[in-house]
Amino acid sequence: MKGYHTQGRSRRGVCFLLACLLVLCLALTGCGDSGSSESQGSAEKGNALGSGSKTIRILSGSENKELEPILKTYAEKNHIKIVMTYEGSLDIMRELQKKDFGYDAVWPASSIWMNAGDTQHRVKHAESISMNPVVFGIRKPLAEKLGFTNKEVSMTDILGAIMDKKLKFCMTSATQSNSGASAYLGFIHAWSGSDVITAETLKDKELKTKLAELLSGIDRSSGSSEWLKDMFVQGDYDAMVNYECLMIAANKELKKKGKDPLYVVYPYDGLSIADSPLGYVDQGDSDAEKMFLELQKYLLSSDVQNEIQKTGRRTGYTGINKENKSVFKKEWGLQPDRVLSPFKMPEGSVLKQCLTMYQTELRKPSLTVYCLDYSGSMTGDGNKQLRAAMEQLLIQEKAKKNYLQASSDDVTILIPFNEKVMDVYQAKGNGSDMDGLYDKVTGISPDGGTDMYAAMEEGLKQLRKYDLSQYTPAIIVMTDGMSNDYYEQFKEMYRAEGKDIPVFSIMYGDADSSQLDELAKLTNARVFDGREDLTGAFRKVRGYN
């Protein structure tokens, strides 16, 4: 796949590269407040609330962004700083397992991740701050057409709509985010015929068939519940699976945009609940522990619990305070008086089996195009980091550690580029071909200029060869510099395709964040910051498809 571009385009590229020597690269800023859309900007950073000299650092699930105003009020009143850093459930579990934990507290969506990660038994004073059922939100006209309004709906009802090609939905990855994992475990529970999911349960062939058929209805995936909500609001999708509170937040935004709201459906036989535990991670700092306990006491006080309910979160299993019932609008299908009955989560070893089965057997196959920067500026450390990152994804024994291994039906395409497309390599499944792709990655030497748009255009051409309805497609572009500016040309080609293909980008080195943000807006995707941890950025973006 040599000589991809015309000579005119190459000459303009040389001029552009010379001009770039006079341009200062734009710095990527961290996430804004909870109202900002991740789909239109940069990767997540710690959000500092308040400005006091004493700081408490909390590693949290992204759904808690909606609580930042409450936390900020406390921080300012008590002259402290609360730094919220948001990660997916698996990343939270992994961070907890490390010897050096860089936070004072942990606040995952569910206790299962805290229990699985706290292998050193450092978590103390864990208390549930709120309750969040994981539900289906379906565009109200479609929910009415399906006959799902004002009635109890089962998982079999939902599966029937999917099999009849009447319903598609968006959901976070079950191996990367709690809302996806909780929903998936709810699906298993609904069809397992037993009170507790066991290793024997997972051997049932009929169960596996139903699960695979249900998951085939997934339209778009994500590694973050909050970002999934933002993506849904920006896009044009039938339904999503997410926390009840994020359905309420989505409907408020949809209303402002004049779009149809979501009608919330509570599958009575597969309803899972996130218990949002906040725990102190004991590292021998008594001052930090005292500050944590004061914050936790504040969050559990009756007045603040009432404020938390106003954000769409429940604070118990048996209903909502009278003054907050208007938040849970019945015309949106919300049921403030519903008594929540959680099912028992599987033990740790069975949970791991469930996640592995999802990743390797059941999920809708991924069709991933990696556009990798091999321009001259990647020589040295940049190329070493790129090889290390791709090793974690392509070498399946490595990928297994983070539940990112390929399934037998996945398709992986590599497009290395500099000022032109250097070649195109492809592998199907999870066998030796993936090792072959890694050999290609290690065999390429960086050289030349940068034109990521050339690689992305080739990626779109490669995707034309497939029935995208059978896959979760994505283009992942990694670049360390400013590219020749052919955005308008790429935009025209992308829109002509008429397909929902997210282009996720990973910024490294002196990459131009404004160019990458443009791609995120165009394709309803997002930007990841790989400048400090390129391997971590690749791992995160892989969790989005």
Among all residues two or more places apart in sequence or in another chain, which pass the side-chain hydrogen bond (donor to acceptor under 3.5 Å, both in side chains) test with N545?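 N545: side-chain hydrogen bond (donor to acceptor under 3.5 Å, both in side chains) contacts with T368, R542.
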For this session: Might you work through the salt bridge (Lys or Arg N to Asp or Glu O under 4.0 Å) test for E518 and K521, ending with a clear yes or no?
Result: CA-CA 5 Å; E518 282 182 326; K521 292 176 183 177; over 6 Å; no
If you count heavy atoms of other groups shown closer than 6.0 angstrom to [atom1] of [X], is the number above 12?
X: D236; atom1: CG; result: no
X: R495; atom1: CZ; result: no
X: K259; atom1: NZ; result: yes
X: E331; atom1: CD; result: yes

side-chain contact (heavy atoms from CB on, under 4.5 Å) against [X], all qualifying residues, sequence neighbours excluded:
X: Q359; value: T175, R363, Q405
X: A406; value: Q396, D410, N430, M434
X: D500; value: R220, Y237
X: K401; value: none

Spacing of [X] atom [atom1] and [Y] atom [atom2] [to the nearest 0.5 Å]:
X: M240; Y: L246; atom1: CE; atom2: CG; result: 6.5 Å
X: L414; Y: Q462; atom1: CG; atom2: CD; result: 11.0 Å
X: M93; Y: L59; atom1: CE; atom2: CG; result: 12.5 Å
X: K398; Y: L393; atom1: NZ; atom2: CG; result: 12.0 Å

What I want to check is whether the side chains of [X] and [Y] have a donor and an acceptor closer together than 3.5 Å.
X: N64; Y: S60; result: yes
X: S224; Y: S62; result: yes
X: D409; Y: S407; result: no
X: D230; Y: Q234; result: no
X: E457; Y: Y494; result: no

| Between F528 and Y544, ring centroids under 6.0 Å |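 Yes, they do, as the ring centres are separated by less than 6.0 Å.
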Using modelled atom types and a 3.5 Å cut-off, is there a donor and acceptor pairing between side-chain atoms of T523 and backbone atoms of P502?
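Flag not set: sc T523 to bb P502 has no pair under 3.5 Å.
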Check your understanding: Within the distance-only criterion (no hydrogens, no angle test), does the side chain of D164 pair as donor or acceptor with the backbone N or O of K166 below 3.5 angstrom?
Key ->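 Absent.
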Got a sec, which residues hit ring-ring contact (aromatic ring centres under 6.0 Å, His included) with [X], two or more places apart in sequence or on another chain?
X: Y263; answer: none
X: F169; answer: F136
X: Y508; answer: none
X: Y403; answer: none

Enumerate donor-acceptor pairs with a distance under 3.5 Å from any side-chain N or O in residues 176-183 to protein atoms, sequence neighbours excluded.
unit_1	atom_1	unit_2	atom_2	d
Q176	NE2	N402	O	3.2
S177	OG	T172	OG1	3.3
S177	OG	S225	OG	3.2
N178	OD1	W113	NE1	2.8
N178	OD1	S182	OG	3.2
N178	ND2	S182	OG	3.3
N178	ND2	Y243	OH	2.9
S179	OG	T172	OG1	2.8
S179	OG	S225	OG	2.8
S182	OG	N178	O	2.9

K491 vs E488, test: salt bridge (Lys or Arg N to Asp or Glu O under 4.0 Å). Steps then yes/no.
CA-CA 5 Å; K491 180 169 73 172; E488 292 298 327; 3.3 Å; yes
Apply the test side-chain contact (heavy atoms from CB on, under 4.5 Å) to residues L214 and I162: give CA-CA distance (whole Å), side-chain angles for both, the deciding distance (0.1 Å), then the verdict.
-> CA-CA 7 Å; L214 180 75; I162 291 169; 3.4 Å; yes
With E144 via salt bridge (Lys or Arg N to Asp or Glu O under 4.0 Å) - residues at least two apart |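 Result, salt bridge (Lys or Arg N to Asp or Glu O under 4.0 Å) vs E144: none returned.
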Using the six-membered ring wherever Trp is involved, compare the ring planes of F490 and Y453 and label them parallel, tilted or perpendicular (cut-offs 30° and 60°).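 Ring orientation, 0 to 90° scale: tilted.
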**Asked** After noting the C-alpha distance and the side-chain angles of K256 and E253, does the key distance pass the salt bridge (Lys or Arg N to Asp or Glu O under 4.0 Å) rule?
**Response** CA-CA 5 Å; K256 289 179 182 178; E253 295 178 41; over 6 Å; no
**Item:** Pairs where residues 356-398 contributes a residue and the test ring pair (Phe, Tyr, Trp, His ring centres under 6.0 Å) is met, not counting sequence neighbours
**Value:**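 The answer is Y184-Y358.
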Give the intermediate values and the outcome of salt bridge (Lys or Arg N to Asp or Glu O under 4.0 Å) for residues K364 and E213. CA-CA 9 Å; K364 193 174 183 179; E213 288 172 342; over 6 Å; no
